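Let me begin by presenting the structure, written as structure tokens, before commenting on it.
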Amino acid sequence: MSAPLKPLPGTSDIWPPEVYEWLELEDAARRVFPLYGYEELRTPVIERTELFVHGIGDQTEVVQKEMYTFEDRGGRSLTLRPEGTAGVMRAVAGLGLSSGEERRVFYLGPMFRGERPAAGRRRQFHQVGVEAVGRKSPAADAECILMLLHYLEAVRVRDARVLLNTRGTAEDRRVASEVYRKYFQARIDGMCEDCRRRAGTNVWRILDCKEPQCQEAIGAAPEMLGLVAGESRAFFREVLNVLEACGANYTVAPRLVRGLDYYEHTVFEVVHDGLGAQNAVAGGGRYRLFLPGQKAPVEGVGFAAGLERLILVRQALEVRAPVREDIDAYVVCLGAAALRVGLALSVKLRRCGLRVLCELGGDRSMKAQMRSANKAGARFALILGEREVADQVVTCKAMRTAEQTERPLAELPEWLTAAVATAASRNNK
RNA sequence: GUGGCUGUAGCUCAGGUGGUUAGAGCGUCUGGUUGUGGCCCAGAAGGCCGUGGGUUCGAGUCCCAUCAGCCACCCCA
């Protein structure tokens, strides 16, 4: 493909048959989440930049170097959303949530981050996500994770692992980051260049560094669960208790930190080994998010799952969405007069819910038209030649069996509806 | 932003050490006597060999640059 016709790097056109994978994932979201009382919310893809800077945190990687930010004509700074939570929270807060009121929403759509594309990582990628706002309880966190597992099951993703950790409260993290800072500064000599920098700026990131020379120090580092206050620990333990009571498998991952500042208490990730380097299919947690101009933070729990990654996992598992519904009939027309009759017939059949392709050329040979019928996967070829038009009949050929009968034109909708139904039921046996 | 791999037909790919009009399979289209698809047979269309420069009598092939794609790091979905 020549350059001007190619989609931008990190973006792609989604054609059949892949688009059917997307439909299945989207349909499953719209089916499963409402079972838990969630309703769909659609927010804009573009927001004021400050929403993300405040909401996600100005020290995060996402905000610092991955956002698509630009000025509009009025000189305002706008940004293509890099994640879903901030926009959803803006919308929810804008509604005016009274205290004690709950709100459960899910969303579906494109997100944008200016990264170098790789397997399972795109600049425009797509997430389905949920947010449950207004109830702080371990059960809410657990239910959120259970719903995610339900969704994964619905989209036939097996063998996914749930990783869980706690980040405690803001106060817990203040205490803990002091501990980590001292701990890593004492061991900084053997560690990689990035971690030396992080020891000053962002100690949390050290915890999921993959450099071999850092592993020893990281492995021996104190665990977050041991550093948080008793109340935070109890909260986390209760999340685990509920998960256990509901029969969910999970692994506590003391190194799990996540990259967005708004998380606190429960954080989780769902990973899958079928993915390669980008092995997270979904992630989320409990959050307190400060919106611009608001005194009180919005609290909730939620997750986002990456559709591209779910599709990759499904490929690894050899799960495929049903590809294409076959065409019920192809109308073969010989000559201009037949073509007019054929088009009229096609429209009538489609109004009966039948999938019909009609020849549009008129001057193509019958052989060529039959080839098209075959290529389209048509169950029936409906043949209209001079003779049929004169007699007001249609020659109906069943493509699988090559059986052929002639029917009055007027009876065709009824006849074909029945014929397709019996052919379909025979096929299912 | 850093590194590795790869760019030949719509797709998947062949094209030893440079040497005439660049090939195959699949796909597409047409035909194989009147109005019948799938298999088979015949034929056709379709390529500035990613782009630019260099070496050479001669470059798809060697060298340099550049662009694009893929993958990895970083980070995350």
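Labels below follow one simple rule: chain letters A, B, ... track the order of the sequence lines, proteins then strands, and each chain is numbered from 1. Scope of the values below: all heavy atoms of this structure, side chains included, with no hydrogens, waters or symmetry mates. Just so we're clear, the structure is a prediction, and the values are computed from it rather than from any experiment.
Side-chain atoms of A:Glu388 come within 3.5 Å of backbone atoms of A:Gly385 as a donor-acceptor pair (strictly under, hydrogens ignored).
A salt bridge links A:Glu359 with A:Arg364: the closest approach of a Lys/Arg side-chain nitrogen to an acidic carboxylate oxygen falls below 4.0 angstrom. A:Glu115 and A:Arg122 are not joined by a salt bridge, as no carboxylate oxygen comes within less than 4.0 angstrom of a charged side-chain nitrogen.
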Worksheet entry | Protein-to-nucleotide contact annotation, 5' to 3' order, nucleotides 38-43 of chain B [B base; S sugar-phosphate only; - none; under 4.0 Å, heavy atom] | S-----
Worksheet item: With Watson-Crick and G-U wobble geometry limited to distances under 3.5 Å, how should the secondary structure of RNA chain B be encoded in dot-bracket form, using | for bases paired to another strand and [ ] for crossing pairs?
Response: (((((((..((((.....[...)))).(((((.......))))).....(((((..]....))))))))))))....
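Evaluation of atom-type donor-acceptor distances gives no pair under 3.5 Å for the side chain of A:Gln369 against the base of B:rU36.
The six-membered or imidazole ring of A:Phe380 lies away from that of A:Tyr330, with a centre-to-centre distance of 6.0 Å or more. Proximity of the aromatic rings of A:Phe235 and A:His265 is defined here by a centroid distance below 6.0 angstrom, and this criterion is met. Taking the six-membered ring for Trp, A:Tyr36 and A:His150 have ring centres closer than 6.0 Å.
Within 4.0 Å of A:Gln404, counting heavy atoms only, lies at least one base atom of the nucleic acid. Nucleic acid contact for A:Ala280: sugar-phosphate only, since backbone atoms but no base atoms lie under 4.0 Å from a heavy atom of the residue.
Under 4.0 angstrom from either OP1 or OP2 of B:rC70 there lies at least one side-chain N or O belonging to A:Arg122. OP1 or OP2 of B:rG31 lies within a sub-4.0 Å distance of a side-chain N or O belonging to A:Ser365.
Nearest-nucleotide positions on RNA chain B for A:Ala118 and A:Glu386 put A:Glu386 closer to the 5' end. Mapping A:Gly120 and A:Pro117 onto RNA chain B by nearest heavy atom places A:Pro117 at the nucleotide closer to the 5' end.
The side-chain tip of A:Arg187 points at the ring of A:Tyr183 from less than 6.0 angstrom away and within 45° of straight on.
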